[in-house]
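Presented below is the structure to which this report refers.
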Amino acid sequence: QVQLVESGGGLVQAGDSLRLSCAASGRTISNYVMGWFRQAPGKEREFVATIPKDGRSTVYADSVKGRFTISRDNFKNTVNLQMNNLKPEDTAVYYCAVLIPQRVWGQGTQVTVSS
C-alpha cells in the first residue's frame, strides 16, 4: 500500500515562501486524487487544495487561493504545495493525503509563520 511522507515545513516570517513536498512510496499515485490539508491547534483539520490525476482541475480553499499552488510529478511520484506570501494564520501542521481511491494520510509537517 502507499505511504506518504511530507517535508519542507519550517519556521518563517510573514511574507515568506515555503515549498512542501509529499513523497509517495509503495505504489504509484499517478491515478490517485491527491490533496493537502492542515490543522491548527484547537481546530479541525481543514481542506487546503486538491489535484486530480491529470493535474489540471485543481481546487483551493478560499483562504489560500492565489497564494498556494498544488502540483504533482507522477514520474517522481510526488505532490507539492508551493506556499507564497505566508501569513501567521497559515500556521498549522500540513498533511498530504490520498483522497481517491482510499483515504491515506501522511504524518504531517509543521509550518510556523511569525509576524
Side-chain angles (χ1 to χ4, degrees):
Q1 294 300 111
V2 65
Q3 294 84 44
L4 306 175
V5 179
E6 302 94 333
S7 63
L11 175 62
V12 298
Q13 297 184 50
D16 286 352
S17 297
L18 279 176
R19 181 178 172 86
L20 305 184
S21 294
C22 173
S25 61
R27 63 189 302 169
T28 180
I29 60 171
S30 62
N31 291 321
Y32 292 0
V33 177
M34 304 292 295
W36 284 95
F37 294 74
R38 66 186 183 185
Q39 187 168 21
K43 296 185 177 180
E44 294 185 347
R45 190 169 300 184
E46 66 175 350
F47 165 78
V48 174
T50 187
I51 186 168
K53 62 180 182 180
D54 63 17
R56 292 177 290 183
S57 301
T58 55
V59 178
Y60 299 90
D62 288 341
S63 59
V64 307
K65 194 173 300 181
R67 299 187 297 121
F68 291 10
T69 303
I70 187 172
S71 62
R72 67 192 303 157
D73 186 335
N74 289 335
F75 289 102
K76 295 182 178 180
N77 218 32
T78 61
V79 178
N80 305 116
L81 186 69
Q82 178 66 45
M83 305 184 296
N84 296 330
N85 191 26
L86 284 162
K87 304 175 181 180
E89 49 263 47
D90 294 319
T91 295
V93 177
Y94 283 72
Y95 297 90
C96 178
V98 177
L99 301 183
I100 298 173
Q102 303 287 344
R103 183 68 61 88
V104 178
W105 297 99
Q107 85 289 351
T109 185
Q110 177 71 49
V111 173
T112 302
V113 185
S114 66
S115 300

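These figures come from a predicted structure and were not determined experimentally.
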| For residues Gln82 and Asn84, is any side-chain donor paired with an opposing acceptor at under 3.5 Å? | yes
| request: Using the rule that two of Ile, Leu, Val, Met, Phe, Trp, Tyr join whenever any of their side-chain heavy atoms come within less than 4.5 Å, decide whether Leu86 and Val64 are in one cluster. | output: yes
| note | Across all chains, not counting sequence neighbours, the side-chain contact (heavy atoms from CB on, under 4.5 Å) partners of Gln13 are Asp16, Ser114
| request: Using the rule that two of Ile, Leu, Val, Met, Phe, Trp, Tyr join whenever any of their side-chain heavy atoms come within less than 4.5 Å, decide whether Val2 and Val79 are in one cluster. | output: yes
| message | Checking Ser25 now: which residues fulfil side-chain contact (heavy atoms from CB on, under 4.5 Å) with it, not counting sequence neighbours? | response | Gln3
| field | Nearest heavy-atom neighbours spanning Gly9 and Val111 | value | CA-CG2, 4.1 Å
| task | Calculate, to the nearest 0.5 Å, the distance between atoms CZ and CG belonging to Arg72 and Asp54 respectively. | result | 8.5 Å
| said: For Ile29, is there any backbone N or O sitting under 3.5 Å from a side-chain donor or acceptor partner on Asn77? | reply: yes
| In terms of hydrophobic clustering (I, L, V, M, F, W, Y; side-chain heavy atoms under 4.5 Å; direct or indirect links), are Met83 and Tyr60 co-clustered? | yes
| So Glu89 and Val113, side chain to side chain contact (heavy atoms under 4.5 Å, CB included) or not? Walk me through it. | CA-CA 8 Å; Glu89 49 263 47; Val113 185; over 6 Å; no
| task | State yes or no: do Phe68 and Phe37 share one hydrophobic cluster built from I, L, V, M, F, W and Y residues joined by side-chain heavy-atom distances below 4.5 Å, directly or via other members? | result | no
| field | Spacing of CD1 belonging to Ile51 relative to OG1 belonging to Thr58, to within rounding of 0.5 Å | value | 6.5 Å
| task | Give a yes-or-no answer on whether the side chains of Tyr32 and Arg27 include a donor-acceptor pair shorter than 3.5 Å. | result | yes
| Crowded around Gln1 CD? As in, over 12 foreign heavy atoms under 6.0 Å? | no
| said: Rounded at 0.5 Å granularity, tell me how far CG in Asn80 sits from CZ in Arg19. | reply: 4.0 Å
| Check: Ser63 main-chain N/O paired with Arg67 side-chain donor or acceptor under 3.5 Å | yes
| said: Donor-acceptor pair, distance only, cut-off 3.5 Å: does the side chain of Thr78 make one with the backbone of Cys22? | reply: no
Pairs of donor and acceptor atoms involving the side chains of residues 92-106, under 3.5 Å and at least two apart or interchain, shall be tabulated with distances.
unit_1, atom_1, unit_2, atom_2, d
Tyr94, OH, Arg38, NH1, 2.9
Tyr94, OH, Asp90, O, 2.7

| query | So which heavy atom on Leu4 is nearest to which on Met34, and how close? | reply | CD2-CE, 4.1 Å
| task | Kindly compute the distance separating CG (Leu81) from OG1 (Thr69), expressed to the nearest 0.5 Å. | result | 8.0 Å
| Heavy atoms, side chains only, cut-off 4.5 Å: are Thr28 and Asn74 in contact? | no
